There are 2 protein chains.
Amino acid sequence: MNKYYTITELTREFGVSTRTLRFYEDEGLIHPERRGRTRLFRPADRHLIKEILRGRRIGFTISEIREIIQVYKDPPGEIGQLQLLMQKVSEKRDDLRQKRRDIDETLTELDNVEEACLTRLAEIGVGT
Amino acid sequence: MNKYYTITELTREFGVSTRTLRFYEDEGLIHPERRGRTRLFRPADRHLIKEILRGRRIGFTISEIREIIQVYKDPPGEIGQLQLLMQKVSEKRDDLRQKRRDIDETLTELDNVEEACLTRLAEIGVGT
DNA sequence: GGCAAAATTGACTTTCACGTCAAAGTAAAT
DNA sequence: ATTTACTTTGACGTGAAAGTCAATTTTGCC
């Protein structure tokens, strides 16, 4: 019977505040239904929020996220717009690939830090 | 003769503003030498800036970056501190792994968007 | 139907990471 | 020596993404 989520259910699930979800609505990222003035979130909204938060984690701005959502809702019909979009997609992809390289490098760096810690601990442990 | 870099040389190389580098100095991330009041950047500073910017790209805050730099400069000597550090490292790593998953998912999504664009372009192209 | 808990709106505040200017000091080249 | 290009400090401003607070509704529940 088409489950609805309340706002706090979702804030608990995703670890965000109600303010955040309202903010996303103000920004036009989500459009929960209303019963009176109270927001009712459907599974589709919930899914969208998941994607928004994923975008947030990797550093997309609200308007970038909005753009992506827009594309899914109604992809541009004009050739120029399509080409522009493809260009942006390509830039974003390069961006993300760079970010992944950065992450990989940082991960190995963190491994080094950890190993240094372990060695250090061993030293201290032996000394006492 | 130990090459020095001027501030604008580095801003050009890294595509940041002088304000940014001065900000990083204010925040204690770098410590360029001075001739009079003018900053002189050494290769070590340059390298550090590279790391700072990498950290920035993957979404580390200034103080997170500062922490990491600190560890390299002088790793904690106390056991408690070491354990705390290792815990943080482990958290960061989980964080980065999640981020990588996010990126991978988004990359395939972008591929889909691109393909949708291409199909759309083909349709339009055929129609005209 | 009454009441505590939850939700809403609106306004104001905050944090981060710089941007922007102004005023003044320096360096380099002609 | 003067112009021209950099550089510095300091103060204030800004945009993004919420946080916080207060004053109302609204709901869920017995």
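Since the structure is predicted, the reported quantities are computational estimates derived from the model, not experimental observations.
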Separation of A/Thr108 OG1 from A/Ile103 CD1 (nearest 0.5 Å) | 12.0 Å

Under 3.5 Å, side chain of A/Lys92 to main-chain N/O of B/Leu110, donor-acceptor pair present?
-> no

Okay, side chain of B/Glu9, backbone of B/Thr6: is any donor-acceptor separation there less than 3.5 Å?
-> yes

Give every residue pair that meets the salt bridge (Lys or Arg N to Asp or Glu O under 4.0 Å) criterion with at least one member in residues 70-85 of chain B, sequence neighbours excluded.
-> none

According to a strict under-4.0 Å criterion, is B/Tyr24 in side-chain N/O contact with OP1 or OP2 of C/dA17?
-> no

How many Å lie between CD on B/Glu9 and C1' on D/dA5, as a whole number?
-> 14 Å

Reckon A/Ser63 has a side-chain N or O less than 4.0 Å from the OP1 or OP2 of D/dA16?
-> no

In terms of side-chain geometry, is the basic nitrogen of B/Glu33 or B/Arg42 positioned less than 4.0 Å from the acidic oxygen of its partner?
-> yes

Any side-chain N or O of A/Thr20 less than 4.0 Å from the OP1 or OP2 oxygen of D/dG19?
-> yes

Main-chain N/O of A/Glu64 paired to A/Thr61 side chain as donor or acceptor, under 3.5 Å | yes

B/Glu25 CD to D/dT7 P, straight-line distance once rounded to whole Å | 14 Å

Proximity to the side chain of B/Arg39 - top-ranked nucleotide from C/dT9, D/dG19, D/dT9 = D/dT9

I'd like a table of atom pairs between the protein and nucleotides 20-27 of chain C - only N or O on both sides, under 3.5 Å - with the distance next to each one.
from   : atom 1 : to      : atom 2 : distance (Å)
C/dT20 : O4     : B/Arg19 : NE     : 3.2

Any side-chain N or O of B/Arg56 less than 4.0 Å from the OP1 or OP2 oxygen of C/dC16?
-> no

Under a 3.5 Å cutoff on both atom distances, Watson-Crick or G-U, what's the dot-bracket for DNA chain C ([ ] crossing, | other strand)?
-> ||||||||||||||||||||||||||||||

Measure the distance from CZ on A/Phe60 to P on D/dA16 and round it to the nearest whole Å.
-> 17 Å

Starting from C1' on C/dG10, measure out to CG on A/Asp26 and report it in whole angstrom.
-> 10 Å

Please state how far atom CZ in A/Arg57 lies from atom P in D/dA18, giving the value in whole angstrom units.
-> 13 Å

So does B/Thr18 get a side-chain nitrogen or oxygen closer than 4.0 Å to the phosphate oxygens (OP1/OP2) of D/dC6?
-> no

What integer distance in Å separates A/Phe14:CZ from D/dA17:C1'?
-> 19 Å

Look only at the side chain of A/Arg35 and the backbone of A/Thr38, and say whether a donor-acceptor pair between them is shorter than 3.5 Å.
-> no

Are A/Arg56 and B/Asp102 side-chain neighbours, meaning at least one heavy-atom pair lies under 4.5 Å?
-> no

Nucleotide of C/dA7, C/dT9, D/dT9 approaching A/Arg34 most closely (side-chain heavy atoms) = C/dT9

To the nearest angstrom, how far is A/Glu27 atom CD from D/dA18 atom P?
-> 9 Å

Heavy-atom side-chain contact between B/Pro32 and B/Leu40 under 4.5 Å | no

Measure from the side-chain N and O atoms of A/Ser90 to the backbone N and O of A/Met86, and report whether any donor-acceptor pair falls under 3.5 Å.
-> no

Please state how far atom CG in A/Leu29 lies from atom P in D/dA16, giving the value in whole angstrom units.
-> 13 Å

Output yes when at least one side-chain N/O atom of A/Thr6 is less than 4.0 Å from OP1 or OP2 of C/dA7, else no.
-> yes

Of A/Arg12 and B/Phe23, whose nearest nucleotide on DNA chain C comes first from the 5' end?
-> A/Arg12

